[in-house]
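Structure first, then comments.
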2 protein chains.
Amino acid sequence: MTGEEEFLEGYDPGAYAPVAVTVDVVALTIRDGRLHVLLVERGGHPYAGWNALPGGFVQQEGLDAAALREVGEETGLRPGEGELDRVHLEQLRSYGDPGRDPRMRVFSVAYLAFAPSLPDPRAGTDAAGAFWMPVDEVGELAFDHAAILADGLDRARSKLEYTPLATAFVGTEFTIAELRAVYAAVWGEELHPGNFHRKALSVPGFVESTGETAARAGERGGPKPKLYRAGDARLLHPALLRPTREEDVR
Amino acid sequence: MTGEEEFLEGYDPGAYAPVAVTVDVVALTIRDGRLHVLLVERGGHPYAGWNALPGGFVQQEGLDAAALREVGEETGLRPGEGELDRVHLEQLRSYGDPGRDPRMRVFSVAYLAFAPSLPDPRAGTDAAGAFWMPVDEVGELAFDHAAILADGLDRARSKLEYTPLATAFVGTEFTIAELRAVYAAVWGEELHPGNFHRKALSVPGFVESTGETAARAGERGGPKPKLYRAGDARLLHPALLRPTREEDVR
DNA sequence: TTAATAGTGTCTATGAGACACTATATC
DNA sequence: GATATAGTGTCTCATAGACACTATTAA
């Protein structure tokens, strides 16, 4: 008998233990060449004073909408203001172990967000409690959020391989070196500049030239780099694979 | 303010509209060289008489456990009997649009299951209402289950590329031709026998030889094929990519 | 002037895919 | 014997990665 069929035999809302559904967001961005995640400090028990992923109840809205609302609330961005519209959001996975929240049964639908570099969440707003932290400095998190973050990082690293989502971390116009810095920050390893350059330009639809050149070169010299914008590809073919470590495979 | 923090200010279960959480399973298998999905016929309203994915309420258990329980109930298999243990289960994604169930807010965590060829669900058991149907004959489904099935098929096709999960569709010992038939059924296209054979053997940890040879060749002749079992790889490197269609990329 | 970077050229090893071929089995 | 299959050999083309090199810019 399916759950839906059970409804037909007279569903009594009070007959079941109450459950809640929340969304939690692993929002990633790159600042100063390092991968950061958006966190909030919890005010109350349990886990008072701990850091946690931003999240909240799903209201009368879809899951995607709830996740976007959470990102907006915690970053201080508003829909339609441009920057929030550039945030890439996708569902990560759901977590529902009994006991993951000590108070009641809470199911969390986790989302993964890729954002271009954003200002600090504004003081004096709802977002005042949120902040960006380098992912390699994140210690313990409330609830099972450390596991959610780890899953989000895995997904992000993998997504850079076969989708053009690295472009979600940079501005609308960017240099190949900026794009390479995204890969380096997310993967945690340097990439060969020459080979990366050729590869990025050779994958159809990954980037397209703006015809423009940056006004200045880097701080330590070099030619002025050309500017590109994101292309129309949804998948990278051939993929931009990271060096495979044997231990990942077995 | 996060959902968890709101709890602290005095959570009143009756203050929120009741929500339910179910699991729905896209269980796939291969019969007679064709990809099949496990369906149930709904007995009651809404969608009475429609086909639906098997699923039900999450009880006092984790999400994975709930999904495994549903698969067991609808296939008639029991934990520990062997066949159910060979079923590969992974979370697909969650669905929570308001209105996806006309009666109340229902969040569904969908799972994807890969099963070796199984007997028809046993008559006279809970599983009597379930049946395997070729995926290309599935018409409309109840609720948003058609979209869930489509997402599951996408995931399955993609998973065959970079994981050894094709081995979850065959017996513990199998021939390379059987493995190739899995790819052909899931991807919906024939593969070059010679190239597939060499590729399957060359990917480290994909398959390992049993040293045995099948007792009989195929019905239409040929040498007796060697038998293999699944290897210890969790990822295929290099991946076994399907031919790319340009329209998938843009 | 120094030093770093953008961008390109080239070489090699690897893998995908097309095609061909032999040996072996069933009907 | 006719025919299909298992398994292997070989050739070509595309790609990843190593390395080298030139031109250009900031400090």
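Bear in mind that the values here come from a model prediction, so they are computed numbers and not experimental data. Naming convention: chains lettered A, B, ... in sequence-line order (proteins, then strands); numbering from 1 in each chain.
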Task: Base D/dG17 to side chain A/Arg198, donor-acceptor N/O within 3.5 Å cut-off - done: no
- [ ] Could you pick out which residue, B/Leu227 or A/Pro223, lies toward the 5' side of DNA chain D when each is mapped onto its nearest nucleotide?
- [x] B/Leu227
- [ ] State which of D/dA23, D/dC19, D/dG7 makes the closest approach to the side chain of B/Pro225.
- [x] D/dG7
TODO: Could you pick out which residue, B/Gly222 or A/Gly221, lies toward the 5' side of DNA chain C when each is mapped onto its nearest nucleotide?
DONE: A/Gly221
- [ ] Quickly work out the A/Tyr162 OH to D/dT15 C1' distance and round it to whole Å.
- [x] 21 Å
Open item on the list: Please pick, from D/dA26, C/dA18, C/dA23, the nucleotide with the shortest atom-to-atom distance to any side-chain atom of B/Asn195.
Closed with: C/dA18
Task: Any side-chain donor near an acceptor of the partner, A/Tyr95 and A/Asp24, under 3.5 Å - done: no
Open item on the list: Rounding to an integer number of Å, can you tell me how far B/Glu219 CD sits from C/dT24 P?
Closed with: 22 Å
- [ ] Take atom CZ of B/Arg216 and atom P of C/dT24, then tell me their distance rounded to the nearest Å.
- [x] 18 Å
TODO: For A/Glu161 and D/dA16, give me the distance from atom CD to atom P, rounded to whole Å.
DONE: 12 Å
TODO: Would you mind classifying the nucleic acid contact of A/Gly218 as base, sugar-phosphate or nothing, using non-hydrogen atoms under 4.0 angstrom?
DONE: sugar-phosphate
TODO: Report which part of the nucleic acid B/Ala239 touches: base, sugar-phosphate, or nothing (heavy-atom distance under 4.0 Å, all strands).
DONE: sugar-phosphate
Open item on the list: Counting only side-chain nitrogens and oxygens, does A/Arg220 get under 4.0 Å of the OP1 or OP2 atom of D/dA27?
Closed with: no
Task: Protein-nucleotide distance (A/Lys199, atom NZ; C/dT8, atom P), rounded to Å - done: 16 Å
Task: Sidechain N-carboxylate O distance under 4.0 Å for B/Glu90, B/Arg155 - done: yes
Task: Below 4.0 Å: OP1/OP2 of C/dG7 and any side-chain N or O of A/Lys226 - done: no
- [ ] Look at the side chain of A/Ile176 and decide which nucleotide, out of C/dA6, C/dG7, D/dT25, has an atom nearest to it.
- [x] C/dG7
Task: Selection from C/dT5, D/dG7, D/dC19 that lies nearest to any side-chain heavy atom of B/His197 - done: D/dG7
Task: Residues B/Val71, B/Leu77; criterion side-chain contact (heavy atoms from CB on, under 4.5 Å); working and verdict - done: CA-CA 8 Å; B/Val71 171; B/Leu77 300 178; 5.9 Å; no
Task: Parallel, tilted or perpendicular, as decided by the 30° and 60° cut-offs, for the rings of B/His88 and B/Phe114 - done: tilted
Open item on the list: Using side-chain contact (heavy atoms from CB on, under 4.5 Å), reason through B/Thr213 and B/Leu227 one step at a time and then give a plain yes or no.
Closed with: CA-CA 5 Å; B/Thr213 296; B/Leu227 291 175; over 6 Å; no
Open item on the list: Measure NZ/B/Lys224 against P/C/dT22 and give the value in whole Å, please.
Closed with: 23 Å
Open item on the list: Would you say A/Arg180 places a side-chain N or O within less than 4.0 Å of OP1 or OP2 belonging to C/dT5?
Closed with: no
Open item on the list: Using whole Å, what does the distance between atom P of nucleotide D/dA14 and atom NE2 of A/His237 come to?
Closed with: 17 Å
Open item on the list: What's the closest nucleotide to the side chain of A/Leu201 if the choices are D/dA6, C/dA25, C/dT8?
Closed with: C/dT8
Task: Length of the line joining B/His192:NE2 and D/dT10:P, which is rounded to integer Å - done: 16 Å
Open item on the list: Rounded at 0.5 Å granularity, tell me how far CG in A/Leu201 sits from OG in A/Ser209.
Closed with: 9.0 Å
Open item on the list: Nearest heavy atom decides the nucleotide; on that basis, is B/Gly194 or B/Ser202 closer to the 5' end of DNA chain C?
Closed with: B/Ser202
Task: Contact under 4.0 Å: B/Arg242 side-chain N or O vs C/dG17 OP1/OP2 - done: no
